[in-house]
Structure formats: C-alpha cells, structure tokens
Amino acid sequence: MLKSVILIGGPQKGTRFRPLSFEVPKPLFPVAGVPMLQHHVEECAKVPNMKEILLIGFYQPNEELTRFMSSAQQEFKISIRYLQEYAALGTGGGIYHFRDQILSGGPEAFFIMNADVCSEFPLPEMLNFQKEHGESSSFVILGTTANRKQSMNYGCIVENQQTNEVLHYVEKPSTFVSDIINCGIYLFTPEIFQHIGAVFQKNQQDMLLYPYEGDEQTNGNGWHRAEAIRLEQDIFTALAGQGKLYVYKTPAIWSQIKSAGSAIYASRLYLNQYHKTHPERLATNKEGGPRISGNVYIHQTANIDPTAVLGPNVSIGTGVTIGAGVRVRESIILHGATLQDHSCVLNCIVGWDSTIGKWARVEGTPSDPNPNDPYAKIDSETLFRDGELTPSITILGCNVTIPAEVIILNSIVLPYKDLNRSFKNQIIL
C-alpha cells in the first residue's frame with residue numbers, strides 16, 4: 001500500500017505570489033483552470049494501491065482548503081487529510097513531526113511532493129525505477145536537466161551514470177556542480193525517518209550544548225529549532241554517496257511555480273498536456289462561440305461574446321464576462337472578472353471580480369524560459385533590478401477597476417484599487 005504527502009507551506013511562504021495569495025492560499029491558485037494542488041492529487045489517485053493523500057502545511061484550516069479537499073475526495077475517490085504544523089518545520093521537519101500519521105496502516109513506500117511544482121508526475125515510473133535500483137529500501141529523487149547557469153538556482157545532483165546513484169547533493173551551489181536538478185518530488189520508504197530522526201537528535205544535542213546560539217528569541221521555542229529540518233540540505237547531502245539515494249531523470253515537463261509569472265508558464269505546460277490527459281477541458285471553435293487560437297480553458301459558466309479572440313494559453317474562470325472584440329492572450333482571468341468591449345489583455349493575471357474598461361490595454365512582459373534552449377527553466381526574477389521594477393507579468397489583485405481607454409504596462413496593482421489613468425512599470429499600492 002502507498003501514500004502521498006504534499007507539502008503545501010503556509011501564509012509566510014508564497015510572498016512572491018502576492019497580491020494573488022492574499023485571496024486564496026497559493027496551493028489553491030488555479031493553474032490551467034483547476035487548483036494547483038489538483039494536478040498533484042489527480043496523478044496520485046491514478047497510482048494503483050494509493051490509499052491516502054496527506055497535505056502538510058501551516059495554514060490555519062480554512063474554508064477554501066476544506067472545500068477543495070471534500071470535492072477532490074468525491075471526485076477522485078481517495079482519502080485526503082490536512083495535517084497542520086504548529087510552525088514552519090521545513091521539508092523534513094513536517095513529515096517527521098507527522099511520521100505516525102504517514103506510517104499508520106503500514107505503507108511500504110510514500111511519495112513526498114512540493115505543492116508549487118508543475119510536472120507530469122511520473123509516479124508509476126518512479127516506483128518501477130525504485131524496484132530496479134538499489135535495495136528495496138532505497139530512496140528516489142525525481143530529477144531533470146537544466147542548463148549550466150540556471151542549475152545553480154536549484155538542488156544539484158551528481159549521479160553515477162551507470163547506476164543512477166546520487167553521489168553528491170548540493171542545494172543552490174555558488175559554482176557549477178551538475179546540470180541535473182532536484183524536481184521536489186521524492187519516493188521514500190519508512191526507513192527515511194531513521195535518517196531524519198538522527199538529524200533531530202543531533203539538533204537536540206546541539207541545543208543543549210549551545211542553547212542561545214543564533215537569534216535570542218529562540219529560547220522559548222528551542223523545540224521548534226530541533227524539529228525544523230530541511231530534507232534537501234540536512235538529509236540528502238548526508239545520504240548522497242551511501243548507496244541509499246537514487247535519481248530518476250525525467251525528460252517530461254517540469255517547472256517551479258514561485259511567482260505569478262511562472263503560474264502563466266505552468267498554465268501553458270498543463271494546457272498543452274490536456275491534449276493527452278483532458279481533451280474535454282480544451283475549448284474548440286464552435287458556431288456562435290468566440291474564436292479560439294491555441295490552447296484555451298473556459299469554465300462553462302463564463303459568458304463570452306462570439307467576436308472575442310482568445311488564446312494561445314488562456315484560462316478563464318467561473319462567471320467571467322468577456323465583451324465584443326476583446327483580445328486575450330497568455331493570461332489567466334480569475335472568477336467574476338469583466339473584460340469590457342474591445343479591451344486587450346496580454347501576459348496578465350486579472351484578479352477576482354476585477355473590471356477592465358472598454359478599449360483599455362493591460363499588458364505584461366512574459367518571463368518565459370529561452371525557447372531555443374531545451375533545458376532552460378523559468379528564472380525566478382527578483383522584483384526589482386537596479387532600483388527599477390523588473391518588467392514582468394502584469395497582475396491585477398481582486399476588485400481592481402481599470403477605466404476605459406488607458407494602458408497598464410508591466411505593473412502590479414494591489415486589491416480594491418480604482419485606477420484613473422495609465423501606468424507603466426509600477427507597483428500601485
């Protein structure tokens with residue numbers, strides 16, 4: 001029997017995703033028309049013998065999360081539970097804290113995945129790979145190839161090319177180590193908890209020896225210091241080269257979803273995959289419907305004028321209204337938004353219940369990977385460069401109103417703003 005654990009983080013995380021994460025926890029942000037987490041849950045539910053999916057994070061249990069879990073349980077016929085950490089415990093600390101829940105029922109192996117990755121999730125392939133490599137208790141990391149420069153932004157894996165054993169693991173090295181990077185999806189056996197437990201005990205001993213090291217206010221929460229364990233730096237680095245850790249390299253799609261710009265790129269990857277997995281989710285050109293070019297997802301409750309032109313890479317949420325002659329490309333339009341006649345929306349995320357006036361143009365700069373490099377990943381751009389806002393996707397928070405006939409370029413507009421003129425390269429507070 002198998003289980004899956006999805007690490008969903010918490011409200012202090014996902015800051016690069018603001019202002020969108022103000023309204024909805026980042027893991028529930030819709031990518032290609034469904035919550036980010038649903039892509040994970042769907043692939044887990046397809047694995048034979050998968051008994052349960054556990055979500056671990058430090059969000060307060062909220063209505064959106066509960067609603068997502070109950071609808072996903074019904075749709076995928078699998079038990080889904082949320083386990084709330086009392087503080088951010090890191091990727092290893094969270095699963096160690098809830099090890100009894102993960103091991104209850106005696107799973108022979110379990111998957112761990114980060115919520116903010118977009119992937120084809122080759123889970124059955126990882127299971128087969130584990131059977132063929134190392135002893136039965138070996139651990140598998142999903143890896144992919146990046147280019148030399150970008151690999152240094154990720155966990156880098158040096159492998160034995162014959163056996164695929166991980167010989168060396170470095171998280172975000174300062175010089176080039178390897179072009180194989182960690183995808184944030186792992187297959188573990190229960191034995192991993194012995195290794196995490198050893199780090200936990202070492203942390204406890206360190207605390208007895210150096211009780212006040214680091215920040216002074218940790219005296220009260222020393223327990224938290226021992227329990228905050230990072231899988232990547234604390235566990236993988238130590239396990240590498242011991243014949244326990246293997247890497248399964250996938251040539252399939254993979255991307256991180258750290259910033260709002262990367263959500264549009266992930267949306268493109270998933271929409272493209274729908275041709276194979278969910279052709280019914282892709283809109284087609286119909287008599288009396290809007291003109292569709294490329295991959296477009298439209299929720300059935302959206303109301304779209306037949307003279308609108310949508311795509312490629314557009315997803316339209318519930319209850320969206322799109323007027324005559326509107327052009328939308330490379331964008332995510334969230335529920336309840338209104339795009340009035342002849343407005344133009346390019347490389348943009350339009351927030352919940354926002355309105356774009358007639359003949360207005362809202363445009364961003366795509367932050368896509370280099371299309372000529374098959375191994376290029378999306379750069380996690382800093383918000384500012386040389387004192388200026390880095391040109392990026394334009395984001396409108398919820399309930400933003402853009403008047404008629406203005407241009408909004410490369411800007412981030414915080415929620416509940418009524419703009420009265422054009423803006424470019426600004427964060428509008």
Side-chain angles (χ1 to χ4, degrees), residues 14-23 26 29-31 150 153 255-269 294 309-317 320 322 326-334 337-340 342-371 376-429:
T15 49
R16 283 179 273 184
F17 216 69
R18 290 177 185 162
L20 300 166
S21 51
F22 289 147
E23 304 311 311
K26 178 180 157 187
F29 183 79
V31 175
Q150 287 179 320
N153 302 327
S255 177
Q256 272 185 325
I257 309 179
K258 290 290 186 206
S259 63
S262 52
I264 290 188
Y265 177 62
S267 194
R268 178 176 335 145
L269 297 178
V309 181
L310 311 178
N313 183 20
V314 169
S315 56
I316 305 238
V320 168
I322 294 186
V326 170
R327 178 73 179 100
V328 185
R329 189 179 79 205
E330 297 282 339
S331 296
I332 297 175
I333 314 294
L334 296 164
T338 303
L339 312 189
Q340 292 177 359
H342 308 289
S343 54
C344 177
V345 175
L346 314 172
N347 301 305
C348 177
I349 296 180
V350 177
W352 300 270
D353 299 313
S354 289
T355 304
I356 296 179
K358 295 183 178 184
W359 295 101
R361 183 181 181 97
V362 181
E363 187 176 353
T365 301
S367 43
D368 286 0
N370 175 358
K377 302 286 176 261
I378 198 153
D379 272 321
S380 45
E381 274 289 343
T382 49
L383 204 50
F384 294 96
R385 197 168 46 203
D386 306 329
E388 292 185 342
L389 192 60
T390 315
S392 173
I393 298 290
T394 286
I395 305 167
L396 309 183
C398 70
N399 292 281
V400 166
T401 307
I402 307 283
E405 301 182 27
V406 301
I407 297 181
I408 307 293
L409 198 61
N410 300 340
S411 295
I412 297 174
V413 185
L414 267 72
Y416 301 101
K417 288 275 159 272
D418 283 4
L419 303 189
N420 51 8
R421 61 181 180 86
S422 296
F423 287 92
K424 71 174 205 190
N425 302 326
Q426 290 196 36
I427 296 180
I428 300 158
L429 303 168

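Checking side-chain atoms of T401 against main-chain N and O of D418 turns up no donor-acceptor pair under 3.5 Å. Side chain of S411 to backbone of L409: a donor-acceptor contact under 3.5 angstrom is found. In terms of modelled atom types and a separation under 3.5 Å, the side chain of S392 and the main chain of T390 share no donor-acceptor contact. Side-chain N or O atoms of K26 include one that pairs as donor or acceptor with a backbone N or O of I257 at under 3.5 Å. Listed for the S262 side chain is no donor-acceptor partner under 3.5 Å among the backbone atoms of I378.
Nearest heavy-atom pair, I393 versus S367, reported as atom, atom and distance to 0.1 Å: CG1-OG, 4.3 Å. Smallest separation of non-hydrogen atoms from V400 and P415: CG2-CA, 4.3 Å. L334 and P30 get closest at one heavy-atom pair: CD2-CG, 3.4 Å. Shortest non-hydrogen contact noted between P403 and V406 is O-CG2, 3.6 Å. Looking at every heavy atom in both residues, G311 comes nearest to R327 through O-NH1, 2.9 Å. Of all non-hydrogen atoms in G357 and S343, the two that sit nearest each other are O-CB, 3.5 Å.
Residues I356 and V350 have side chains in contact (heavy-atom distance under 4.5 Å, counting atoms from C-beta outward). Side-chain contact check for L339 versus V345: some heavy-atom pair is nearer than 4.5 Å. By the 4.5 Å heavy-atom criterion applied to side chains, P369 and K377 are not counted as neighbours. Taking 4.5 Å as the limit, every side-chain heavy atom of V309 sits out of range of all side-chain heavy atoms of V326. Considering only heavy atoms from C-beta on, S255 comes within 4.5 Å of L269 through its side chain. With a 4.5 Å cut-off on side-chain heavy atoms, I395 and V413 do not count as touching. Taking 4.5 Å as the limit, some side-chain heavy atom of W352 sits within range of a side-chain heavy atom of L20.
Rounded to the nearest 0.5 Å, atoms OG1 (T394) and CD1 (I349) are 10.0 Å apart. One distance of note links CD1 of I333 with SG of C348; it measures 6.5 Å at 0.5 Å rounding. Between the CD atom of Q426 and the CD1 atom of I428 there is a distance of 6.0 Å, given to the nearest 0.5 Å. Note that NZ of K258 is 11.5 Å distant from CG of N153, once rounded to the nearest 0.5 Å. With rounding to the nearest 0.5 Å, the separation of OH in Y416 from OG in S354 is 9.5 Å.
Applying the side chain to side chain contact (heavy atoms under 4.5 Å, CB included) criterion to E330, with sequence neighbours excluded, gives I264, R268, P312, N313, N347. Here V314 pairs with V296, I316, V328 under the side chain to side chain contact (heavy atoms under 4.5 Å, CB included) rule; sequence neighbours left out. The side chain to side chain contact (heavy atoms under 4.5 Å, CB included) check on I427 picks up L383, F384, L389, I412, L414, L429, with sequence neighbours excluded. Under the ring pair (Phe, Tyr, Trp, His ring centres under 6.0 Å) criterion, F29 pairs with F17, sequence neighbours left out. Qualifying side-chain hydrogen bond (donor to acceptor under 3.5 Å, both in side chains) partners for T365, counting only residues two or more places apart in sequence or in other chains: N410. Qualifying salt bridge (Lys or Arg N to Asp or Glu O under 4.0 Å) partners for R361, counting only residues two or more places apart in sequence or in other chains: E363.
Judged by the 6.0 Å and 45° rule, R421 forms a cation-pi pair with F423.
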message: Please evaluate residues I407 and K424 with respect to the criterion side-chain contact (heavy atoms from CB on, under 4.5 Å), reporting the C-alpha separation (whole Å), side-chain torsions for both, the decisive distance (0.1 Å), and the verdict.
response: CA-CA 8 Å; I407 297 181; K424 71 174 205 190; over 6 Å; no
Q) Hey, mind stepping through S267 and V31 against side-chain contact (heavy atoms from CB on, under 4.5 Å) and telling me if it holds? A) CA-CA 5 Å; S267 194; V31 175; 4.1 Å; yes
